[in-house]
Number of protein chains: 2
Amino acid sequence: MSIPIPGQQVRGSKSGKPIMALLDLLGRTWALGVIWNLSQGPATFRELQQRCEQISPSLLNTRIKELKQLSIIEVVDEGYTLSQQGVDLFTIISPLSSWSKDWAANIETAKPQLEN
Amino acid sequence: MSIPIPGQQVRGSKSGKPIMALLDLLGRTWALGVIWNLSQGPATFRELQQRCEQISPSLLNTRIKELKQLSIIEVVDEGYTLSQQGVDLFTIISPLSSWSKDWAANIETAKPQLEN
DNA sequence: AACACTTGCTACTAAATCAGTAGCAAAGTA
DNA sequence: TACTTTGCTACTGATTTAGTAGCAAGTGTT
């Protein structure tokens with residue numbers, strides 16, 4: 001598995017645009033989930049694993065390596081934590097929480113039409 | 001492949017929380033990319049495929065079905081377009097573009113340390 | 001009508017990624 | 001010393017993605 005370094009080709013994109021590298025990174029299983037769960041505060045490996053609903057350690061470790069190398073998370077005494085950049089990133093995506101609730105309510109309403 | 005409907009279990013999460021369904025959805029290859037590229041305006045199937053750097057038609061179709069069923073994109077005369085909810089979603093994530101540029105610049109600077 | 005194009009999409013195979021489980025080395029604790 | 005906890009690696013099987021070929025339906029042209 002290669003880490004999507006901005007400026008280089010990434011999975012599915014040859015442009016090297018930073019946004020494509022980011023979308024590649026965030027488009028990996030649990031990448032957003034790890035960031036999301038770390039926003040609650042630092043966590044040890046096993047605690048982070050619990051927050052992520054028992055994600056397998058191999059996958060968690062892979063995600064950690066990627067996010068660490070890309071300076072989104074970092075290691076501190078208490079375990080892993082979001083870096084300043086990671087915090088900024090989370091700030092951007094945090095409104096997704098309330099958006100997703102509206103969305104869920106809407107889909108609920110629209111359900112009868114989903115059959116088509 | 002099952003579509004991550006909020007309120008039900010999704011890949012990696014049994015909680016049924018809307019945010020987890022959303023993170024699952026967005027954590028699939030090209031889901032964010034499709035939304036990103038549709039934000040430029042409606043596109044036909046083949047044009048969308050081009051905007052997504054020749055994503056394979058089978059995968060594009062899969063993503064389209066998911067996003068359509070979840071009311072994030074919809075069909076219009078010109079092809080596919082973001083729904084109002086999709087536009088709202090894009091509004092939230094659009095700052096990722098500038099964030100990713102800062103991020104890229106930062107990683108560039110930090111590169112000598114990446115070797116460790 | 002016959003032909004050539006375009007469009008939306010399905011089918012299929014191979015490669016990559018993810019899930020799930022077992023377990024080990026190192027560090028801490030009793 | 002023996003027992004736990006922690007961080008992590010290894011391995012296997014299942015799922016997802018990439019890449020390519022191509023077809024049916026619609027459109028335009030001659």
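What you see is a predicted model; the values in this text were computed from it and never measured. In the text below, chain A, chain B and the rest are named by the order of the sequence lines, each starting its count at 1.
- Remark: Arg11(B) is not in phosphate contact with dT16(D), judged by side-chain N or O atoms under 4.0 Å from OP1 or OP2.
- Atom-to-atom, CD of Glu53(A) to P of dG20(C) comes out at 11 Å; the value is rounded to the nearest Å.
- Put simply, CG on Asp24(A) is 9 Å from P on dA18(D), counting in whole angstrom units.
- Partner Ile35(B) forms a side chain to side chain contact (heavy atoms under 4.5 Å, CB included) with one of Val87(B), Leu25(B), Ile72(B) and no other, that one being Ile72(B).
- In this structure, the CG atom of Leu59(A) is 13 Å from the C1' atom of dT15(D), given to the nearest Å.
- Here the side chains of Cys52(B) and Arg63(B) are not in contact, with every heavy-atom distance at 4.5 Å or above.
- The closest side-chain heavy-atom distance from Ser71(B) to Asn106(A) is not below 4.5 Å.
- The side-chain heavy atoms of Pro95(A) and Thr91(B), taken from C-beta on, include no pair separated by under 4.5 Å.
- One can place CD of Glu66(B) at 13 Å from C1' of dT15(D), the figure rounded to the nearest angstrom.
- Counting only heavy atoms from C-beta outward, the side chains of Leu26(B) and Leu96(A) approach each other to under 4.5 Å.
- Between Tyr80(A) and Leu67(A) the shortest side-chain heavy-atom distance does not fall below 4.5 Å.
- When rounded to the nearest whole Å, the span between CG of Asp77(A) and P of dG28(C) equals 12 Å.
- In this entry the distance linking CD of Gln54(B) with C1' of dT7(C) reads 14 Å, nearest Å.
- Thr29(B) comes within contact range of the sugar-phosphate backbone alone, with a heavy-atom separation under 4.0 Å but no base atom that close.
- In terms of heavy atoms, Gln69(B) sits closest to Ile5(B) at OE1-CD1, 4.5 Å.
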Step by step, work out the side chain to side chain contact (heavy atoms under 4.5 Å, CB included) result for Leu38(B) and Phe90(B). CA-CA 9 Å; Leu38(B) 271 185; Phe90(B) 177 74; over 6 Å; no

Table of protein N/O atoms under 3.5 Å from nucleotides 6-9 of chain D N/O atoms:
from	atom 1	to	atom 2	distance (Å)
dG7(D)	OP2	Phe45(A)	N	3.1
dG7(D)	OP2	Arg46(A)	N	3.0
dG7(D)	N7	Arg46(A)	NE	3.0
dG7(D)	N7	Arg46(A)	NH2	2.8
dG7(D)	O6	Arg46(A)	NH2	2.5
dC8(D)	OP1	Tyr80(A)	OH	3.3
dC8(D)	OP2	Tyr80(A)	OH	2.4
dT9(D)	OP2	Asn61(A)	OD1	2.4

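- Over its length, the helix from dA1(C)-dT30(D) to dA30(C)-dT1(D) turns its helix axis by 20°, as judged from the five terminal pairs at each end, rounded to 10°.
- Each of Arg51(A), Gln49(A), Gln50(A) was checked for a side chain to side chain donor-acceptor pair (under 3.5 Å) with Glu47(A), and the lone residue meeting it is Arg51(A).
- Atoms CZ (Arg28(A)) and P (dT17(D)) sit 12 Å apart, rounded to a whole Å.
- If you take CG of Leu60(A) and P of dA19(C), they are 11 Å apart, rounded to a whole angstrom.
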